[in-house]
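Heads up: the structure comes next, in structure tokens.
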Amino acid sequence: MDAHRRVMFLAPGTPFFDRDEAGAGDVDDDFRAVTADTPDGWSCDTGPDWTMLAPHGFRMPLQGWKIHVSATAENAARILARSWDWLVPQRMAFKFIRSRQVLLRRNGKYGDRGASGKFITIYPEDETRLASALNELGALLDGEQGPYILSDLRWRSGPLYVRYGGFVARTMKTERGETVPCIEDPEGRLVPDRRGPSFRPPEWVTIPDCLEEAVKARNAGTLNDFPYRAEQALHFSNGGGVYRATDLRTGAPVLLREARPLAGIDTNGEDAVARLLRERDCLRRLGGLPWVPELVEARVGHEHHFLVREYVEGETLAVRTTRDNPSSPGADPERTADYTRWALDVLDQIEQGVRAMHQRGVVFGDLHPGNVMVRPDGSIAFIDLETASTDLTARQIHAAPGFAAPSTHRGKDIDRYALGCLRLALFTPLTSLLPWDADKADQLIELVQARYPVPADYGDKVRADLAPLPAADGAGTPDGHPDAEPVDPPTVAGRGLAEGRIDRAAVEQGILMTATPHREDRLFPGDTAQFILPEGGACLAYGAAGVLWALSEAGADIPAAHVDWLEQTARRFAEPSPGLYTGMSGIACALERLGRTDAATALLKEADRAEPANDSLLDGRAGLGLAHLHMARATGDDAALKRAMVLAEQVAENAGGRPPRRGEAGLMRGRSGGALLLLRLHAHTHDTGLLDRARDLLDTDLRALGWTARPDAEEGWAEGAVGARPTFAAGSGGTALVLKEYLAGRHEPRFALACETVLRSALDCVPHTAGLFHGFAGVLLTATRLAGPAEATAVERLVATVDLYRVAHEGRPAFLGLENVRLTTDLATGAAGVLLALNAADTPAGATAFL
């Protein structure tokens, strides 16, 4: 999931991802219209974000021209009152954002730019009613302001906007399996209801006469006199975009930063324009410093503000360190020494640059590897100064995970703390653990000193930069977006855990103590996907099924009430998706594993009613086929076996068509999942043709992962193949485990060499996060399954490395999920995945989540 969507679930007062109910259930924050008496002859329905009103007898058209009313938090109540007074007598259906808090979130810096500004939606039944609403309501609201709605056509200069789209929520699956809103074309076919960054109605729609004036005004409002040509979009947010451009007067490359008025509101209440102007002022003050790009100008164009500055060639420090860091202890000593010299030189440059900024009275405020460019000549430049400030006593508002200063820090001390984090981050990616455990700094320093030839005073410099400060008056913590989670996590204590090998029983207890059987949306706290996917709170990857599966594999005593919760929740899904890890078939397998065979059989039949959108193991035919095979083995059901074989045949046939798309590589989304299904069926049927097909799928997946054959030998791989990254879901770790199953039935030298290469990489790997899919647990599981007796000591050493990722929650081991911003217990990202991997290390022959 996009990190910007994660902000919606950074609820205050909890160390877990959760729904922020402020504005969704807080009546005090609701607009008065939410609690007002429903007009006679009308129906009213209020959900988490919207309140919908419709007159009795109104039949909502499926699609058409609808009106959006834009608003800010300041004028929303006034706009709603005027709109209500006009819409109700007109008996025109409408909905509105229910609270100021929800509106602030949608207009916020990390809100969905496609939804920004949309406060009221009006549903005219026809073009006559559309025209009357625009003219009459538009006159009543003339002069009110709101964020520009990018996907819509603006009506005159007020807050009304128009677009053609769906009135009733309908969805469809794209070719890639994504669920998107849809409308019907003239032939009755469902097509995506696109909400792009500009007004583009479907080609087959005729623009109503009443909109001709607005269309002409839009076409006249272009940037004809704008002396820059945008050539490449580098980043988009709710506040605007960032573009590589050319100065048409000089031909020089420049960087354009766009700011949308009244959009991108941050936790300080400032919009994107305020931040742009502050960056302009800071760039002027820092002019001439070699570490700071030169300001060209700031100007306004077609209602948006633009800052133009020197374009810095090169790569971000984040890219350079990820690519060039020889992070394993077995790396070539000369390469490690070269990297260390380079990293220390970069750190010296950054320290000099930060000191120079401070001497000119500017605090960076958001120093992290993504905001430092490394030029081709090796010099560095600071970029993205939108949070820089000339207030040397200011608190931090925004910060990247792993670089947010404690709430006690102000002004220059914020940059000093970030510099200490950078001293660690250039060697190890785990600085985001620092706020969660007071001992993590020393652990990370020891890790760096053991692996890199850093100077003797390295640790002292890091400790000095990270040293705690006394509490400041009015201390607070940055919040409100994924780059600024609370740096003093609530209810988390970083001490009280025993030293040495982690206790699996303590991990089990830590998971079980987080259970919330009174909630309907989730049983165990997990990744934000559990609030977004239809079966998220119950599914194998992010929900209760995966947690209970891992606990069962580890031999934990699982309360029957937890299994009841999973079974009852699964029965409530009206249109379940069939996916193994994200849908109903995985829930069915978990329930069978937990002794609920009858319920599992019924649920798997439900899962079969929906056609899988792809062939993947994650949520497609390969996963559904494995679920049927699992059930056939468990119950002897011949029908389930036949269904698994049909799905395997479809997977194999489909693989012969198009080549894999971007992102379709590895175990979960690539061809390896299909190969796993074929191999498991081969083990059941002994059909050697299944081996041949599995070989083709695995060969395709290895190439998609970046493995390239040596031109001089069919058995070898090119030096420096990028595919050896040993992560489980999207790297070569999961694929290597399938390769090993293939090798059990047939010798293939290239596959054996790939497994050996992945194993060497896994034994020395320190990923960014702890989880199974993308982090350490998956690496440990990979190493455990690939290793032989000769690697037993190395595997045990790897098991001990889990302590780097361990923090404490109420005296029990806990683990942070993706991006290390919140604790999670699910299989894919959190403690259940770690438990599964630890159990596999103790019992290598055991089954773990179908591997």
Side-chain angles (χ1 to χ4, degrees), residues 7-8 11-12 19-56 58 60 66-124 133-134 136-149 152 155 158-162 167 169 238 261-267 269-271 480:
V7 63
M8 297 186 295
R19 300 178 190 275
D20 185 353
E21 298 299 337
D26 182 358
V27 175
D28 291 340
D29 188 62
D30 282 339
F31 293 114
R32 289 180 59 188
V34 176
T35 55
D37 292 337
T38 302
D40 291 339
W42 286 69
S43 61
C44 178
D45 180 50
T46 297
D49 289 350
W50 293 92
T51 291
M52 176 77 195
L53 284 101
H56 292 168
F58 174 74
M60 180 77 77
K66 56 186 173 182
I67 300 171
H68 288 122
V69 186
S70 181
T72 68
E74 289 69 32
N75 66 6
R78 184 169 62 248
I79 285 178
L80 178 56
R82 292 180 187 173
S83 300
W84 177 291
D85 289 344
W86 188 86
L87 290 164
V88 170
Q90 295 294 321
R91 298 186 63 77
M92 194 173 292
F94 66 102
K95 68 177 181 179
F96 61 90
I97 294 292
R98 64 172 293 172
S99 73
R100 183 176 182 274
Q101 185 66 30
V102 175
L103 182 62
L104 279 171
R105 187 176 70 226
R106 293 169 69 91
N107 289 351
K109 187 172 188 285
Y110 290 91
D112 179 1
R113 66 198 298 257
S116 181
K118 296 177 182 177
F119 173 51
I120 303 174
T121 304
I122 303 169
Y123 302 97
L134 290 172
E136 297 177 26
L137 183 58
L140 291 172
L141 299 179
D142 189 34
E144 297 288 0
Q145 291 185 312
Y148 197 103
I149 299 176
D152 290 21
W155 174 257
L160 299 191
Y161 295 79
V162 188
F167 283 18
N238 199 13
L262 307 175
I265 308 298
D266 62 24
T267 54
E270 294 183 327
D271 69 359

- Under the side-chain contact (heavy atoms from CB on, under 4.5 Å) criterion, do Phe119 and Leu80 qualify, and how do the steps go? CA-CA 9 Å; Phe119 173 51; Leu80 178 56; 3.9 Å; yes

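- Proximity of a side-chain donor or acceptor of His68 to a complementary backbone N or O of Thr121 within less than 3.5 Å is not detected.
- Going from atom NZ of Lys109 over to atom CG of Asn238 covers 10.0 Å, rounded to the nearest 0.5 Å.
- Considering every non-hydrogen atom in both Ala71 and Pro147, the closest pair reads O-CD, 3.4 Å.
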Before you tell me yes or no, could you show the steps for Leu141 and Ser83 under side-chain contact (heavy atoms from CB on, under 4.5 Å), namely the whole-Å CA-CA distance, both residues' side-chain angles and the distance that decides it to 0.1 Å?
CA-CA 8 Å; Leu141 299 179; Ser83 300; 3.7 Å; yes

request  = Give the intermediate values and the outcome of side-chain contact (heavy atoms from CB on, under 4.5 Å) for residues Phe58 and Met92.
outcome  = CA-CA 9 Å; Phe58 174 74; Met92 194 173 292; over 6 Å; no

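- Counting only heavy atoms from C-beta outward, the side chains of Asp30 and Thr46 never approach each other to under 4.5 Å.
- Residues Asp271 and Leu262 approach most closely at OD2-N, 2.9 Å, considering heavy atoms.
- To the nearest 0.5 Å, atoms CZ (Arg100) and OG1 (Thr72) are separated by 9.0 Å.
- Taken from OG1 in Thr267 to CG in Leu104, the straight-line distance is 11.0 Å, to the nearest 0.5 Å.
- When every heavy atom of Lys118 is checked against every heavy atom of Ile97, the shortest pair comes out as O-CG1, 3.6 Å.
- Residues Trp84 and Phe94 meet the side-chain proximity criterion, which asks for heavy atoms closer than 4.5 Å.
- Rounded to the nearest 0.5 Å, atoms CG (Leu53) and CZ (Arg91) are 11.5 Å apart.
- Atom OG of Ser70 is separated from atom CG of Asn75 by 8.0 Å, given to the nearest 0.5 angstrom.
- The two residues Lys66 and Phe167 have their closest heavy-atom pair at CB-CE1, 3.6 Å.
- Across all their heavy atoms, Pro48 and Val102 have their closest contact at O-CG2, 4.2 Å.
- Within the model, atoms CH2 of Trp50 and CD1 of Ile120 stand 9.0 Å from one another, a figure rounded to the nearest 0.5 Å.
- Trp155 is not listed as a side-chain neighbour of Ile67, based on a closest heavy-atom distance of 4.5 Å or more.
- Applying the ring pair (Phe, Tyr, Trp, His ring centres under 6.0 Å) criterion to Phe96, with sequence neighbours excluded, gives no partner residue.
- More than 12 heavy atoms of other residues, nucleotides or ligands sit less than 6.0 Å from atom CD of Glu144.
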- Item | Tyr148 vs Tyr161, side-chain contact (heavy atoms from CB on, under 4.5 Å): CA-CA, chis, key distance, verdict | CA-CA 9 Å; Tyr148 197 103; Tyr161 295 79; 3.8 Å; yes

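- For the side-chain hydrogen bond (donor to acceptor under 3.5 Å, both in side chains) with Asp49, the qualifying choice from Arg105, Arg98, Lys95 is Arg105, the only one to do so.
- Closest non-hydrogen pair, Leu137 versus Leu160, comes out as C-CD1, 4.2 Å.
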